[in-house]
Protein chains: 2
Amino acid sequence: MRLSDGVEWGVHACSLLAVLPTGSALPAAKLAEFHGVPSAYMAKHLQSLARAGILETVKGPRGGYRLARPPAAVTLLDVVEAIDGAEPAFRCSEIRRRGPAAAPAREYRGLCGINRAFLRADEAWRAELRAVTIADMALTAARDAPPSGVDKAARWLREAVR
Amino acid sequence: MRLSDGVEWGVHACSLLAVLPTGSALPAAKLAEFHGVPSAYMAKHLQSLARAGILETVKGPRGGYRLARPPAAVTLLDVVEAIDGAEPAFRCSEIRRRGPAAAPAREYRGLCGINRAFLRADEAWRAELRAVTIADMALTAARDAPPSGVDKAARWLREAVR
DNA sequence: GTCCCTATACTCGGATAGCAAGTGTCCGAGTATAGGCGG
DNA sequence: CCGCCTATACTCGGACACTTGCTATCCGAGTATAGGGAC
């Protein structure tokens, strides 16, 4: 089981957009450059985020992406589901209804017990991600990063958003 | 993000092995037949479970697989990690250290905040799966299944383990 | 009748193809801007 | 000097190859068993 790399990029991108001056936007190419990742692929994931209503797009010159909501109103789960999809990791194929011991399908009531257990685990995972917001991530990143890094980032941002 | 299908098969297989008479074993082909899945592929996952010490193998005629521990001592997490691997779903590629705002690598102390958040979620997921055992699953399956299905399964098992 | 030996058939185990989803890239559609032109 | 128009360049957006890892399968190595033969 592996989460798409795009999720990591998406969270980082949103965290950077969270500290953007109000009203301004950052194009995909700049976001990719800042994180040192391929521009075209970053753009793909930003599109997913925009489609999900997390980012809003500004077209034309001086356009780009910006957060569509306050950073504190965007959870990690929002980003994960936008990029990776909202389906649970465990997908029950109802194999209990197959094989020689199977009963008629209509006699099975409720979900398979195994499925229920995995859905509970999935919900616990989601709850944890729902409790963390992009605002938290931006703050943590600023707090944890080396001072020289924060400084360079601020300088770069001023130049990029010009 | 998607969990391997083999995990579902593995849990079902272990649940069936949990109700096996003590000392007997069930070959991969029979386990596959019972669940209506391809025999060779089921065998592959059973091998993973055996390698992880969850199942033990009995070679030769009347051989097969059986649980290596009491069903209550095998958790869903054990099965998941045996088949799907134990690595966390989110893998941090440290992109914070790349790009124009990066500081020298040695200045970064501790894990990336985003990574920490995802690891917390991962741990919550694991804790939930660690709390459920194969014994629970076998019991639940027997309780939830239609009576006719339980009956057919018992009959089939008696015949298969012969 | 009992013990031993051998051939058998059945089991697991790892090495081998096929396929789907994620990874990475490109070019076209649309638009705010900047400059030039006319009034 | 001011307002309008047009051309421009910059942006996103979806459609197109490629690679990795999961899916599915096969045949070989090893062993408990069952049957036959000797004592």
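Letters go in sequence order (proteins before strands), and every chain restarts at 1.
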Output the rounded distance in Å from [atom1] ([X]) to [atom2] ([N]).
{"X": "B/Tyr65", "N": "D/dT31", "atom1": "OH", "atom2": "P", "answer": "15 Å"}
{"X": "B/Leu55", "N": "C/dT11", "atom1": "CG", "atom2": "P", "answer": "16 Å"}
{"X": "A/Leu3", "N": "D/dC22", "atom1": "CG", "atom2": "P", "answer": "14 Å"}
{"X": "B/Arg91", "N": "D/dT20", "atom1": "CZ", "atom2": "C1'", "answer": "12 Å"}
{"X": "A/Met42", "N": "D/dT11", "atom1": "CE", "atom2": "P", "answer": "15 Å"}
{"X": "A/Met1", "N": "D/dG21", "atom1": "CE", "atom2": "P", "answer": "16 Å"}
{"X": "B/His45", "N": "C/dC12", "atom1": "NE2", "atom2": "P", "answer": "15 Å"}
{"X": "A/Lys59", "N": "D/dT8", "atom1": "NZ", "atom2": "C1'", "answer": "17 Å"}

Between B/Pro61 and B/Ala40, whichever has its closest DNA chain D nucleotide further toward 5' is B/Ala40
For [X] and [N], is the shortest distance between a side-chain N/O and OP1 or OP2 below 4.0 Å?
{"X": "B/Ser4", "N": "D/dT23", "answer": "yes"}
{"X": "A/Thr57", "N": "D/dG13", "answer": "yes"}
{"X": "B/Arg51", "N": "C/dG14", "answer": "yes"}
{"X": "B/Tyr41", "N": "C/dC19", "answer": "no"}

Practice prompt. Establish, from distance only, whether the side-chain atoms of A/Ser39 and A/Glu33 form a donor-acceptor pair under 3.5 Å.
Written response: no
Exercise. Does a donor on one side chain and an acceptor on the other come within less than 3.5 Å for B/Thr133 and B/Asp136?
Worked result: yes
Residue pair A/Val58/A/Pro38 against DNA chain C: nearer the 5' end by closest nucleotide is A/Pro38
Taking only the side-chain heavy atoms of [X] (C-beta and beyond), determine which of [options] contains the nearest atom.
{"X": "A/Lys44", "options": "D/dG13, C/dG13, C/dG24", "answer": "C/dG24"}
{"X": "A/Asp5", "options": "D/dG13, C/dT23, C/dC12", "answer": "C/dT23"}
{"X": "B/Arg2", "options": "C/dA21, D/dA24, C/dC12", "answer": "C/dA21"}

Tested for salt bridge (Lys or Arg N to Asp or Glu O under 4.0 Å) against A/Glu56, the lone hit among A/Arg66, A/Arg69, A/Arg51 is A/Arg66
Does the plane of the ring in B/Trp9 sit parallel, tilted or perpendicular to the ring in B/His45? Use 30° and 60° as the thresholds. perpendicular
*Just checking A/Ala28: base, sugar-phosphate only, or nothing, at a heavy-atom cut-off of under 4.0 Å?*
sugar-phosphate
- prompt: Mind checking whether A/Met42 and A/Val58 sit in one hydrophobic cluster, side chains of I, L, V, M, F, W, Y counted as touching below 4.5 Å?
  reply: no
